[in-house]
Number of protein chains: 2
Amino acid sequence: MPASVTIKEIARQLGVSKSTVSRALRDSSEISQETKDRVLELARQLNYSPNPIALSLLNNRTHTLGIIVPEIANPFFSTAIGGVEDIAYSRGYHVMIYQSHESYERELIDVQHIATRRADGLIVSVSSQSEKHDHFVELQEKGIPIVFFDRVSDAVQTHKVIVDDYKGAYDATEHLIKEGSRRIAHIAGPPNLSISRNRLQGYRDALQKHGLPFRDEWVVASEYSQSEGTERAYQLMALRERPDAIFAASDRIAMGVHWALRQLGYRMPEDIALMGFSDLSISALLDPPLSSVAQPSFEMGQQAAELLLELIESKSTPASFETRVLKTNLVIRRSSMKNIS
Amino acid sequence: MPASVTIKEIARQLGVSKSTVSRALRDSSEISQETKDRVLELARQLNYSPNPIALSLLNNRTHTLGIIVPEIANPFFSTAIGGVEDIAYSRGYHVMIYQSHESYERELIDVQHIATRRADGLIVSVSSQSEKHDHFVELQEKGIPIVFFDRVSDAVQTHKVIVDDYKGAYDATEHLIKEGSRRIAHIAGPPNLSISRNRLQGYRDALQKHGLPFRDEWVVASEYSQSEGTERAYQLMALRERPDAIFAASDRIAMGVHWALRQLGYRMPEDIALMGFSDLSISALLDPPLSSVAQPSFEMGQQAAELLLELIESKSTPASFETRVLKTNLVIRRSSMKNIS
DNA sequence: ACCGTTCCCGGAACCGTTCCCGAAAAAAAG
DNA sequence: CTTTTTTTCGGGAACGGTTCCGGGAACGGT
């Protein structure tokens, strides 16, 4: 294994000092053209590339972005990560991934790792089980900027990238009403997360606006998982007064509901309408195809990365922090089209 | 921003040398218990943690694993990445992700990055457009070990993690035959990839075993994407002699076919049976649910990470390289059940 | 009282790079 | 032919650790 070529080696072969080589490589004005040429030529021959670790030690910059998501395998997060990687790549940064598995303890350790590893910044979508967000503030105080996306924390002052969850949920609920549903249930996400609360509020307000009653037993909370979606669907359909529509707080939940409803013999949308949130690429292929509130996940990753790089590369902290609210898009498919059927 | 606390700082406050502090922290025998206690106590108070960058510079070890996949958003790859991250985390390593976007050039650059960044090892599933794999060999020669998974390269001698693609395809085809299909088409993957060739061969051999003809026009190649799956389905169904079953080389392709067939008004499986490969979690939710050859993607990621860490942590190159062949599992759902229907 | 160990610890080199500072040589100015 | 300025380069410190080497003090044995 050939030890990688260093500046010292070039200096030795050329009989000059390492400072000279360093300057020549950086095209400094205080090196003669002739020496520059000789250094550059030899560097090319030896296939020299500077050791980024040495640079990091010097500048305290690693050109690395950390990203923490609950679960990489979740399509929403994996496409967002793709967006982050794209931007990072184009700007000469590298991406380290961590998953919290929805656990507060794991998230804490991940943040620790980011700190000790001296990442230049962090992009994060918080775990549903995290009630405190002090670890993020501490990271910030260590000088490592953070950008939140999707699942943001109100306790931390920084840039955030979200979609208009409230409006998305409002529109979805209103659509269900217009299609003729009157007993609309909602499977909400974990109440720790602001996205869950905002979607719930959108649902409530749409009901109220159209004079429909809000009933506690028609709102149940669930993890953002398919399996719990199934459980909650069983629970809802077992009620004495059955809902005639279910608005799920995410597509994964909706997929669980979808499966449960078919299992139980209901027809969608005739017996019961269904609507999800996120518009995963799978949703269109279900039978019946799932209506959903589309979220630009890839773009969210890109924007989060851009904001983070801005934070990293401007030395001073900005006067104010920005919350980018991207637009959702109501995608209507058969699972909610009561009118036509 | 409080500069992070260093060994030198501890030494200064305690009036000892940095060597003493370093030794005390590593619990060296040549430091008195009293001094150790003082150092440890102060280190705890100041919340000291060693700078991994300095360590990296010293040992030439970064405790970082690189991973290159064609596309993070592909569920197969993202769950595999999840497996890698799990193992890496438990062993104190970190994961840097890169995507090749199926491009040879991008893959080349990604490998370059891994090299200059001094990752301790690389896990990779090769791009479908890569015909040469020299860049991997060069990386190996620089002393950075590689483990391939799923899409492996025959040109590189190292550990590999795959599934038995041949047998999976053979079983799938045989199943289609047993269900009564006689005109079985195959949408294969890009021929550059060994997984594509192996699956094709399994298909061929199953046909031959059961005395069915192999017909060129019933075999078409496609990228592993949903959109091209749709295109190829159109092509196949336009044939004068239509197939009565399609075996797609991946679930993503199958999803495209699924959509096309429903679009065209065919009934599955009565008019035409369909079978995929990978068993993505979505497949069960399609209508009709998609039969598929299940691949343990998460486990593949885990095993790849384990093999890589073995390679990294044993200084000497092993006498021989291992190719772990995991088992596939035929998952039969309605899309292929001609007999019952 | 002398010598060999053992116990603790400090100094310095090293990893690969940048950069400040000073200095020799060359060029310009007197 | 000095003096000053410019050009060009080398030496060393620094980043944050580890480790080799050497040395003073205490201790034991004769």
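Bear in mind that the values here come from a model prediction, so they are computed numbers and not experimental data. Chain letters run A, B, ... following the sequence lines, proteins first and then strands; every chain starts at 1.
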Whole angstrom is fine here: how far is it from NE2 in B:His63 over to P in D:dG17? 15 Å
Do the side-chain N or O atoms of B:Ser32 get closer than 4.0 angstrom to the phosphate oxygens (OP1, OP2) of C:dC9? yes
Per atom distances to the A:Asn51 side chain, the nearest of C:dG16, C:dG11, D:dG16 is C:dG16
Here the pair of heavy atoms bringing A:Leu308 nearest to A:Gly121 is CD2-C, 3.7 Å
In the structure shown, which nucleotide is the Watson-Crick or G-U wobble counterpart of D:dC27, with both distances under 3.5 Å? C:dG4
The nucleotide from D:dG17, D:dC9, C:dG10 with an atom nearest the side chain of B:Ala54 is D:dG17
Among C:dG16, C:dG11, D:dG11, the one nearest any side-chain atom of A:Ser19 is D:dG11
Pairwise 5' ranking along DNA chain C for A:Leu55 and B:Val16, keeping only the more 5' one: B:Val16
Can you find a side chain N or O atom of B:Thr35 that sits less than 4.0 Å from OP1 or OP2 on C:dC9? yes
Do the side-chain N or O atoms of A:Ser22 get closer than 4.0 angstrom to the phosphate oxygens (OP1, OP2) of C:dT18? yes
How close or far is atom C1' of D:dC15 from atom CD of B:Glu9, stated in whole angstroms? 15 Å
Are A:Glu102 and A:Arg151 close enough for a salt bridge, meaning some N to O gap below 4.0 Å? yes
Of the listed nucleotides D:dG10, D:dC21, C:dT18, the one nearest the side chain of A:Arg23: D:dG10
On the nucleotide C:dC15, are OP1 or OP2 found under 4.0 Å from the side-chain N or O atoms that A:Lys8 carries? yes
Could you tell me whether the phosphate oxygens of D:dT18, OP1 or OP2, come under 4.0 Å of any side-chain nitrogen or oxygen in B:Arg26? yes
Answer with yes or no after comparing the ring centroid distance for A:Tyr224 and A:Phe76 against a 6.0 Å cut-off, counting only values under it. no
Report the base-pairing partner of D:dT8 (Watson-Crick or G-U wobble, both distances below 3.5 angstrom), or none. C:dA23
Between B:Tyr98 and B:His113, how do the two ring planes meet: parallel, tilted or perpendicular, split at 30° and 60°? tilted
Under 4.0 angstrom between B:Ser17 side-chain N/O and C:dG10 OP1 or OP2: yes
So that I can tick it off, tell me whether B:Arg38 and B:Glu41 are bridged by a salt bridge, with the cut-off set at under 4.0 angstrom between side-chain N and carboxylate O. no
Side chain of B:Glu30 only, heavy atoms from C-beta on: which candidate in D:dG16, D:dC15, C:dC9 is closest? C:dC9
Could you state the atom-to-atom distance from CG of A:Leu58 to P of D:dG17 in whole Å? 15 Å
Could one point to a donor on the side chain of B:Lys18 or the base of D:dG17 with an acceptor on the other under 3.5 Å away? yes
